[in-house]
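Being a predicted model, the structure only gives us computed values, none of them experimental. We count residues from 1, following the sequence as given.
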Amino acid sequence: MLYNLGRYILLLRLAFKKPEKFSVYWAEVMREMVSVGIGSLGIVAIISVFIGAVATIQTAFQLVSDFIPKTIVGTITRDSTILEFSPTISALVLAGRVGSSIASQIGTMRVTEQIDALEIMGVNAPGYLISPKIIAGVIMIPFLTIISIFLGLIGGYIACAASNEVSPSDYITGLTDGFKVIILQVSMVKATAFGFIITSICAYQGFYTSGGALEVGQSATKGVVYSCIMILFADLVISRIML
């Protein structure tokens, strides 16, 4: 464990060395941002709408007392969506979609000796291959989380409009009642940390792949599994510190 942690830290150190040519790195960052952000927008949107709708329906089902105002459904849905559902569940999905892709790409380059060729040419392979992916993940996953929050709340509104449990007006009143900025701040901190975790861990697994096609698949699987575990651990730590 300590060996892998040390190798992971040294790889990140190499990844963020001063680049040889900024224009090449900039083009790679833009390409990765499109891949991570635009490429993941569809799946994040679909999941967010359904999660928001389900959270609203289940909250309304549990709050059956006449002494509890119906507006509390909107408040609970808002806070749970912003704090937990959008950043964490979106990150777990992106770990499978983005993380496996990163590990497979870099792992394939390793087993086909493309990384060795870059190093022979004097290119900083970790910097060229890994740092653009990490930067793109840290920038785009918070943006995807914001979109996920917005669509999740819309999904809750659709659920209210389609059922008789809570009126849409009560739901909207609950959304605007007692909002605290710290909730959104915690969500953005989580999303940024999750973006770094997904990209860096999966890139590490891919970079140190050895063998053939079978090992590339194993590296992708390990990257996704370890990323999900660290996402949940970081979720706990950030919530404990900031809330």
Side-chain angles (χ1 to χ4, degrees), residues 12 15-16 19 21-54 81-109 114 125-158 184-185 187-207 216-217 219-221 223-228 230-231 234-235:
L12 292 181
F16 288 99
K21 194 173 182 181
F22 280 98
S23 60
V24 176
Y25 281 66
W26 177 256
E28 282 296 308
V29 170
M30 293 296 104
R31 188 177 67 82
E32 293 297 338
M33 287 176 67
V34 172
S35 176
V36 173
I38 306 302
S40 305
L41 188 58
I43 185 66
V44 170
I46 294 172
I47 290 173
S48 301
V49 171
F50 281 101
I51 286 177
V54 170
T81 299
I82 295 175
L83 275 176
E84 193 62 28
F85 291 145
S86 286
T88 305
I89 295 181
S90 296
L92 293 174
V93 172
L94 291 173
R97 192 262 169 202
V98 176
S100 62
S101 175
I102 291 173
S104 298
Q105 289 174 11
I106 299 179
T108 301
M109 293 184 70
Q114 295 180 50
Y128 179 73
L129 296 174
I130 297 176
S131 60
K133 293 176 171 57
I134 294 177
I135 293 171
V138 169
I139 293 174
M140 295 307 297
I141 290 182
F143 277 105
L144 290 173
T145 301
I146 293 174
I147 295 172
S148 175
I149 292 170
F150 179 72
L151 293 177
L153 299 179
I154 290 179
Y157 180 85
I158 294 173
L184 188 59
Q185 292 175 346
S187 179
M188 291 299 99
V189 171
K190 285 183 179 182
T192 304
F194 296 162
F196 178 82
I197 288 170
I198 292 170
T199 51
S200 63
I201 291 179
C202 292
Y204 167 78
Q205 291 295 330
F207 193 82
V216 172
S219 295
T221 301
V224 173
V225 172
Y226 294 156
S227 296
C228 291
M230 291 306 300
I231 284 169
D235 184 25

Evaluate the criterion side chain to side chain contact (heavy atoms under 4.5 Å, CB included) for residue pair Ile154 and Val49; output intermediate values, then yes/no. CA-CA 7 Å; Ile154 290 179; Val49 171; 5.7 Å; no
If every non-hydrogen atom of [X] is compared with every non-hydrogen atom of [Y], which pair is closest and at what distance?
| X | Y | answer |
| --- | --- | --- |
| Tyr128 | Tyr25 | N-OH, 3.4 Å |
| Ser187 | Thr145 | OG-CG2, 3.7 Å |
| Arg97 | Val36 | NH1-CA, 4.5 Å |
| Cys202 | Val224 | SG-N, 4.2 Å |
| Gly223 | Ile201 | O-CG2, 4.1 Å |
| Ala191 | Ile141 | O-CG2, 3.6 Å |

Could you state the interatomic distance from [atom1] ([X]) to [atom2] ([Y]), rounded to the nearest 0.5 Å?
| X | Y | atom1 | atom2 | answer |
| --- | --- | --- | --- | --- |
| Glu28 | Ile135 | CD | CD1 | 11.0 Å |
| Lys133 | Ser200 | NZ | OG | 13.0 Å |
| Leu184 | Ile146 | CG | CD1 | 7.0 Å |
| Ile231 | Ile89 | CD1 | CD1 | 11.5 Å |
| Tyr204 | Ser219 | OH | OG | 10.0 Å |
| Leu151 | Ile51 | CG | CD1 | 11.0 Å |

Does [X] reach the main-chain N or O of [Y] with its side chain, forming a donor-acceptor pair under 3.5 Å?
| X | Y | result |
| --- | --- | --- |
| Thr108 | Ser104 | yes |
| Ser90 | Ser86 | yes |
| Ser148 | Leu144 | no |
| Lys190 | Thr88 | no |

Is there a side-chain contact between [X] and [Y] (heavy atoms, below 4.5 Å)?
| X | Y | result |
| --- | --- | --- |
| Met140 | Glu32 | no |
| Val44 | Ile147 | no |
| Phe16 | Ile130 | no |

Does Ile46 have any side-chain contact (heavy atoms from CB on, under 4.5 Å) partners at least two apart in sequence or in another chain, and if so, which? Phe50
Evaluate the side chain to side chain contact (heavy atoms under 4.5 Å, CB included) criterion for residues Leu12 and Phe196: first the C-alpha distance (whole Å), next the side-chain angles of each, then the deciding distance (0.1 Å), finally the verdict. CA-CA 11 Å; Leu12 292 181; Phe196 178 82; 3.7 Å; yes
Evaluate side chain to side chain contact (heavy atoms under 4.5 Å, CB included) for Phe194 paired with Asp235, printing each intermediate quantity in order. CA-CA 8 Å; Phe194 296 162; Asp235 184 25; 3.8 Å; yes
